[in-house]
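What you are looking at is a predicted structure, and each value in this text was computed from that prediction instead of being measured. The first residue in the sequence is number 1, and the count goes up from there.
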Amino acid sequence: MNDQLIKSRHLEKTAFVYLRQSSPTQVKRNVESGRRQRGMVDRVKELGWPATEIRLLGDDTGRSGSSLHGRGDYQVMLEAILSREAGLIAARELSRLARDNQDWNHLVRLCRYQDVLLMDEHRLYHANDPHDRVVLGIAGAFNEFEIAMIIDRMLECQREKAARGELYEGRFSPGYICRVAPLCEKHPDERVQRAVMRVFDHFDRCVSVLQLHRELVNDGFQLPIVPGGRDWRDVEWVCPTYDQLLDMLKHPIYAGIYVRGRKKTFTVLNGDGHVEKQRRRVPREQWEVFLEEHHEPYIGTNRWERNLEKISSNARGGGATRRAPQE
């Protein structure tokens with residue numbers, strides 16, 4: 001490692017060791033990666049920084065590097081660079097700092113003019129050196145290209161699996177389970193099936209979801225759910241919320257239809273210019289996958305369509321409206 005770049009003026013300032021893993025799943029499973037990243041503290045000590053001048057930044061663990069939004073420790077590091085408190089920014093892989101090429105070039109530019117060294121597990125870099133600056137620039141472009149390729153491959157695999165009706169995320173809607181992937185089936189407990197059917201049968205006699213919710217709660221009705229990650233036998237009986245009932249009545253799964261893409265992710269810039277991802281519902285004609293007769297239904301397609309029309313009519317003011325409690 002070219003430690004001749006380190007001067008006394010650098011050692012007099014704080015060395016920041018930045019830790020980050022892209023998702024909570026990586027934090028749980030890739031324990032060795034986190035350990036190796038924390039090992040950079042020892043490398044920094046070997047270069048001459050006292051332990052009191054080394055600051056470990058690990059609160060951004062579990063957050064994506066494709067955006068600066070929500071990464072508090074990254075902002076702390078930038079402020080330290082701007083205030084000339086930082087002498088070194090270290091990470092086992094410099095791609096941990098930023099996957100967006102624009103953000104990366106901004107960081108390199110700040111380090112160049114504030115005389116801050118950059119370090120990975122292989123070598124030191126000084127952004128004021130033209131050769132190091134070229135290497136860092138190539139690294140930033142490659143980081144952005146790599147994450148784009150990874151995301152594209154992942155999304156393509158998801159699309160192919162969804163087109164076969166085999167992609168499921170999160171827990172199943174009440175009344176459905178998956179004992180043998182990718183088979184979606186009714187819960188074998190007849191009590192669970194009767195509870196699900198009671199929601200649809202009762203809604204036939206109601207003018208709105210609000211009335212349905214009120215009457216079921218007054219009757220002490222409980223909805224069977226299987227919490228995410230639990231065994232299908234581990235059924236919990238809970239008092240249903242309005243949103244739970246609304247989602248059941250609108251969800252095509254109960255008509256034996258497999259759908260994918262009821263919500264889509266949109267990338268936008270917030271007021272600070274940071275990239276944000278937002279999930280929004282889209283019209284049915286924009287759903288990516290719509291497979292009828294995919295699994296055993298609770299209700300027919302026509303009945304599901306009628307329920308949607310009743311809910312839509314109420315939303316337009318054509319049915320019962322919500323009233324104040326005192327009325």
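The pair Asp132-Arg123 meets the salt-bridge criterion, since a charged nitrogen lies less than 4.0 angstrom from a carboxylate oxygen. Ion pairing between a basic and an acidic side chain is recognised when a charged N comes within 4.0 Å of a carboxylate O; Glu288 and Arg159 show no such pairing. Taking a cutoff of 4.0 Å between a charged side-chain nitrogen and a carboxylate oxygen, Lys13 and Asp115 do not qualify as a salt bridge. Taking 4.0 Å as the cut-off between side-chain N and carboxylate O, Glu236 and Arg230 count as a salt-bridged pair. Here Arg306 does not pair with Asp204 in a salt bridge; the nearest charged N to carboxylate O distance is not below 4.0 Å. Salt bridge present: Arg92 and Glu121 bring a charged side-chain N and a carboxylate O closer than 4.0 Å. Salt bridge Glu12/Arg9: absent, no basic N to carboxylate O contact under 4.0 Å.
Among Phe200, Trp304, Phe203, Phe172, the single residue meeting the ring-ring contact (aromatic ring centres under 6.0 Å, His included) criterion with Tyr254 is Phe200.
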Val235/His187 under side-chain contact (heavy atoms from CB on, under 4.5 Å): CA gap, chis, key distance, verdict: CA-CA 10 Å; Val235 179; His187 199 289; 3.4 Å; yes

Asp231 vs Arg233, salt bridge (Lys or Arg N to Asp or Glu O under 4.0 Å): CA-CA, chis, key distance, verdict: CA-CA 5 Å; Asp231 185 85; Arg233 303 175 186 87; 3.0 Å; yes

Residues Met154, Gln158; criterion side-chain contact (heavy atoms from CB on, under 4.5 Å); working and verdict: CA-CA 6 Å; Met154 179 186 67; Gln158 288 184 343; 4.3 Å; yes

Check against side-chain contact (heavy atoms from CB on, under 4.5 Å), Trp104 and Leu94: CA-CA 9 Å; Trp104 170 252; Leu94 290 178; 3.7 Å; yes

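The cluster map of Ile, Leu, Val, Met, Phe, Trp and Tyr, joined by side-chain heavy atoms under 4.5 Å apart, puts Phe142 and Leu97 in different clusters. Both Tyr18 and Leu82 sit in one connected hydrophobic cluster of ILVMFWY residues. Membership requires side-chain heavy atoms under 4.5 Å apart, directly or through other members.
Aromatic ring centres of His295 and Tyr176: separated by under 6.0 Å. Remark: aromatic rings of Tyr74 and Phe16 are distant, center separation not under 6.0 Å.
Between Glu215 and Arg205 there is no side-chain heavy-atom pair separated by less than 4.5 Å. Tyr258 has its side chain out of reach of Glu166: every pair of non-hydrogen atoms, C-beta onward, lies at least 4.5 Å apart. The shortest side-chain heavy-atom distance between Val289 and Leu167 does not fall under the 4.5 Å cut-off. Within the 4.5 Å cutoff, no side-chain heavy atoms of Tyr125 are placed close to those of Leu5. No side-chain heavy atom of Met40 sits less than 4.5 Å from a side-chain heavy atom of Leu19.
Cation-pi check for Arg280 over Phe266 is met; the charged atom lies under 6.0 angstrom from the ring centroid and within 45 degrees of its normal.
Closest approach of Val116 to Leu88, counting heavy atoms only: CG1-N, 4.0 Å. Between Val259 and Phe290 the shortest heavy-atom distance is CG1-CD1, 3.6 Å. Minimum interatomic distance between Ile225 and Pro174 (heavy atoms only, all atoms of both residues): CG2-CG, 3.9 Å. The shortest non-hydrogen separation linking Ser173 to Ile253 is OG-CG2, 3.8 Å.
Environment of NZ in Lys264: crowded, with over 12 heavy atoms of neighbouring residues, nucleotides or ligands closer than 6.0 Å.
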